[in-house]
> 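Below is a structure I'd like to ask you about.
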Protein chains: 2
Amino acid sequence: MDQMTPCFNYHDCENCPIRERGVCARCDDRELVPLNEIKYYRSYEAGQTMVWSGDAMDFVGSVVTGIATLTQTLGDGRRQMVGLLLPSDFVGHPGRACAAYDVTATTDIVMCCVRKKPFEDMMLQTPHLLQRLLEITLDELDASREWMLLLGRKTAREKIASLISIIARRDASAHAAGSGGVTIALPLSREAMADYLGLTLETVSRQISALKHDQVIVIERKRRITIPDMDRLLEEAGDDTDGGMPVREGDPKLVPRSSARQ
Amino acid sequence: MDQMTPCFNYHDCENCPIRERGVCARCDDRELVPLNEIKYYRSYEAGQTMVWSGDAMDFVGSVVTGIATLTQTLGDGRRQMVGLLLPSDFVGHPGRACAAYDVTATTDIVMCCVRKKPFEDMMLQTPHLLQRLLEITLDELDASREWMLLLGRKTAREKIASLISIIARRDASAHAAGSGGVTIALPLSREAMADYLGLTLETVSRQISALKHDQVIVIERKRRITIPDMDRLLEEAGDDTDGGMPVREGDPKLVPRSSARQ
DNA sequence: GGCTCACTTTGATCTGTGTCAAGGCCTGTT
DNA sequence: AACAGGCCTTGACACAGATCAAAGTGAGCC
C-alpha cells in the first residue's frame, strides 16, 4: 500500500549484506535460485508507516538496511513498541492474513520481500528456510521475554540503562572511543524510546540526564552517547546475573519480594 | 534433576489428549512411530520447580496435563512471569543448551519429553514437526508481544481484567453459568498473578475487590469467579479494538499521547 | 471444636513516574 | 540575521500503585 522504489540493486543474493543472517542464511546456492526469482526490494522513507495493524499483509520480508519498529496501540492511543527491527530481522507471520502490529520505518529502509503465498509454498519445500525461520523466531521470542522482564519489573533508570546497553551490544557500528569507552548512535527519538520502554518522553529525558549527571554515560550530541565504562552501565541495567553474593535457595526470608518498580 | 514418576500410561500417541495441538499435531501415523519410541513421560507436583534458569536442559517437552509457568528473575529477587504453559504448550529451545527461564509447576503436571539431541535429529528429518513447532513459536511470540502491551501501558485494573478474560478464553473447562455468564477457575495465586502482571500482590487483591464491587465479576470462592457479562469485562480490559468512534489518521491533535499508566 | 498455617484482604502512608506547562537548542529557510 | 518548527530538557505538582502493617478466611489436623 506504499511506494515501491528499489533504491539499489542486489540483483543476486551473493552480495547481499544479510546473506549470513537472514531467513535465507542456511540456503545453499541451489536453493537460492528460486528465492532470487520471487524476491523484490521495497524501500521506505524514515517516518513512513510500512504496514498498518489489522490490514491485509500479502508479503513477508527481511530488513536489508535501516531500522524499523513494531508497535501496538490501545484504543485510546497508548502505544507500546513490541519489536525493534535491525538488518536481517524478519517481518511477517506465515499463515496469518493480517498484520498484528504497525510497522514503521525509523530510518530510510530497504526490505527484501516475497509475496506470502509463494514464500509459504517454498518454505514447505525448503527445510533450510524453515529451519532458519524457526531459529530466528525462537530468538525473537527470547528477546521479547527479556523485554517483558524489563517492562514489568525494572525502574525507569534501569530501563534506560538496559536500552542503551542493548543498542550498544547490537550496534555493529559501535566503535571503541578514546579511553576504552564505546560510542553509539541512538537510532530512536526520546518519544520512540518512551514507547519502547513503557515510559513517557519526559521520564526518558530526565533519566538520561540523571545517567549523564552520574557519569554513567557521556552525551556527545543528543543522539550520540559514549559509554566510558560498560560494566558500570550493565550494573545500572539491573540484570547482572547476580548482584554480588551468590544467593538462591537458602533461607527464603532472605529473598526479597517481587515488584519494586512503582 | 527432579523426579520422574510417570503417573499414567499413554503408551501410544493415538489417545494422547494433546494429539491435536502439540508439536506432533501435523505428524501422520508413520511419523509418530519414531517419536513414540523416544518420548517419555515425566510428572511433577504442584509447586515444584521443573527447570532452573541457567541450568543445562537436555530435553524438550510438551505439557500433557496441568499448568506451569515460565519466570525470569532479577538479581535482587524481582520476578516476572514470561509465560503460562497450558496443555499442548511446548518447553525448550532446540539449539540452546541452557534453560533461559525457571519453569515451575503450578498444578500437578505431566510432561511428554524427548531428549534434546534425538529431538533435533528427528526435526531435521520431519518437516511436519518443524512446521508445527514454527507455528507454535510464532503464536507464542504474538502472545508475548500482546503481553508487552499489557505490561508497558495498561493500568492495574485493565491488567486484571485482561488476565481474567485471557484465562476465560483459554480455559476449556470454562462453562456457561446460570444467566448467560461464564465461570472459571483461577489457576494462579494472587502472588503468581502479580508476577504475571508486573504488580504487587496487594494491588492484585485490591483490583479484584474493586472489579467485584463494580459487579464486573462475581467471586464464588477465592479461586473461582464468574463473569456475568463478558463484553463488560473486555471493555474493562481496554483492548477493545476501538473504543467507539473510529479514529486514525485525521487531526493528530486528536490522538492522545501514549503512556497513561503511571 | 479449636489450632495452625498459608493465603488473602484491607488500611495508612509513601514515592516514582505521569501530567501539565514553559523554555531551550538545533537545523533549515528566507 | 532573524524566524520557524522539531525535538529535547526542566520544573511543579498530582496520583496510581508500592510499601508497611495488621487482621480476616478457610482447609487440614489433632
Side-chain angles (χ1 to χ4, degrees), chain A residues 46-47 74 76-80 106-107 150-161 185-213 217 219-225 238 252-253 256-262, chain B residues 46-47 74 76-80 106-107 150-161 185-213 217 219-225 236 238 252-253 255-262:
Chain A
L74 246 23
D76 61 1
R78 281 174 280 172
R79 260 188 311 168
Q80 176 65 50
T106 290
T107 63
L150 175 145
L151 290 173
R153 295 301 186 193
K154 287 190 177 178
T155 64
R157 171 183 261 244
E158 288 170 332
K159 286 178 176 182
I160 298 287
L186 293 177
L188 302 172
S189 69
R190 301 286 122 110
E191 188 183 21
M193 288 188 229
D195 284 342
Y196 206 3
L197 299 169
L199 297 170
T200 56
L201 162 178
E202 294 94 329
T203 298
V204 169
S205 182
R206 273 188 256 271
Q207 295 300 334
I208 288 181
S209 297
L211 288 173
K212 169 177 129 194
H213 174 263
I217 58 177
I219 311 268
E220 230 87 311
R221 275 170 281 141
K222 291 197 187 300
R223 295 285 189 92
R224 181 157 211 89
I225 62 176
K253 298 272 167 55
R257 43 195 301 218
S258 208
S259 85
R261 182 216 38 206
Q262 171 152 196
Chain B
L74 246 23
D76 61 1
R78 283 174 280 171
R79 259 186 312 168
Q80 176 65 49
T106 289
T107 63
L150 175 145
L151 290 173
R153 294 302 186 192
K154 288 191 178 179
T155 64
R157 171 183 263 245
E158 290 170 331
K159 286 178 175 181
I160 297 287
L186 293 177
L188 302 172
S189 70
R190 301 290 182 245
E191 187 182 24
M193 288 188 229
D195 284 342
Y196 206 2
L197 299 170
L199 297 171
T200 56
L201 158 181
E202 294 93 327
T203 298
V204 169
S205 182
R206 273 189 255 272
Q207 295 299 335
I208 288 180
S209 298
L211 288 174
K212 169 176 127 192
H213 174 264
I217 58 176
I219 310 267
E220 230 88 310
R221 275 169 280 141
K222 290 197 188 298
R223 295 285 189 93
R224 182 159 210 86
I225 64 176
E236 292 285 356
K253 300 271 166 57
V255 178
R257 42 197 300 222
S258 209
S259 84
R261 183 215 36 204
Q262 165 155 205

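Order of the sequence lines sets the chain letters (A, B, ...), proteins ahead of strands, with each chain counted from 1.
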> Figure out the CD/C1' separation between Glu220(B) and dT25(D), and round it to whole Å.
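To the nearest whole Å, that distance equals 17 Å.
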> Of Arg206(A) and Lys222(A), whose nearest nucleotide on DNA chain C comes first from the 5' end?
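The residue closer to the strand's 5' end, by nearest nucleotide, is Arg206(A).
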> Within the pair Thr200(A) and dT19(C), is there a side-chain N or O less than 4.0 Å away from OP1 or OP2?
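No, no such contact exists.
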> Does Arg223(A) reach a base, just sugar-phosphate, or nothing at all? Heavy atoms under 4.0 Å.
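Sugar-phosphate, no base atom in range.
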> Under 4.0 Å between a side-chain N/O of Ser189(B) and OP1 or OP2 of dA6(C), yes or no?
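Checking Ser189(B) against dA6(C): no side-chain N or O falls below 4.0 Å of OP1 or OP2.
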> Which whole-number value in Å describes the distance from Ile208(A) CD1 to dC25(C) P?
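The answer, rounded to whole Å, is 17 Å.
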> With nearest nucleotide decided by heavy atoms, which residue, Thr203(A) or Arg221(A), maps closer to the 5′ end of DNA chain C?
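Nearest-nucleotide comparison on DNA chain C picks Thr203(A).
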> Leu197(B) CG to dG17(D) C1': how many Å, rounded?
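It is 13 Å, rounded to the nearest whole Å.
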> Touch check for Ser205(A), heavy atoms < 4.0 angstrom, all strands: base, sugar-phosphate only, or nothing?
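The answer is base, as Ser205(A) lies within the cut-off (heavy atoms under 4.0 Å) of a base atom.
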> Could you list the donor-acceptor pairs under 3.5 angstrom formed between side-chain atoms of residues 203-210 of chain B and any protein atom two or more places apart in sequence or on another chain?
residue   : atom : partner   : partner atom : Å
Thr203(B) : OG1  : Thr200(B) : OG1          : 3.1
Ser209(B) : OG   : Ser205(B) : O            : 3.1

> Round to the nearest Å and state the distance from Met193(B) atom CE to dC7(C) atom C1'.
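In whole Å, dC7(C) C1' lies 11 Å from Met193(B) CE.
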> How close or far is atom C1' of dA21(D) from atom CG of Leu201(B), stated in whole angstroms?
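Nearest whole value for this atom pair: 14 Å.
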> Assess whether one donor atom and one acceptor atom, taken from the side chain of Glu202(A) and the base of dC20(C), lie less than 3.5 Å apart.
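For Glu202(A), whose side chain was compared with the base of dC20(C), there is a donor-acceptor pair (under 3.5 Å).
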> Take atom CD of Glu191(B) and atom P of dT19(D), then tell me their distance rounded to the nearest Å.
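That distance rounds to 13 Å.
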> Calculate the interatomic distance between Arg224(B) atom CZ and dT25(D) atom C1'; express it in whole Å.
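So the two atoms are 19 Å apart, to the nearest Å.
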> Using whole Å, what does the distance between atom C1' of nucleotide dT10(D) and atom CZ of Arg190(A) come to?
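It works out to 14 Å between those atoms.
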> Compare every heavy atom of Arg153(B) with every heavy atom of Glu158(B), then report the nearest pair and how far apart it is.
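Smallest heavy-atom distance, with atoms named: OE1-O, 4.4 Å.
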> Just so I know, are the side chains of Leu151(A) and Gln80(A) near enough to count as touching, which here means a heavy-atom distance under 4.5 Å?
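Yes - at least one pair of side-chain heavy atoms lies under 4.5 Å apart.
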> Which atom pair, heavy atoms only, marks the closest approach of Ala185(B) to Arg224(B)?
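In terms of heavy atoms, the two residues are closest at CB-NH1, 3.4 Å.
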> Does a side-chain N or O of Thr155(B) approach OP1 or OP2 of dA16(D) to a distance below 4.0 Å, or not?
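Checking dA16(D) against Thr155(B), no side-chain N or O comes under 4.0 Å of OP1 or OP2.
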> Which heavy atom of Leu188(A) sits nearest a heavy atom of Met193(A), and at what distance?
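In terms of heavy atoms, the two residues are closest at O-CE, 3.5 Å.
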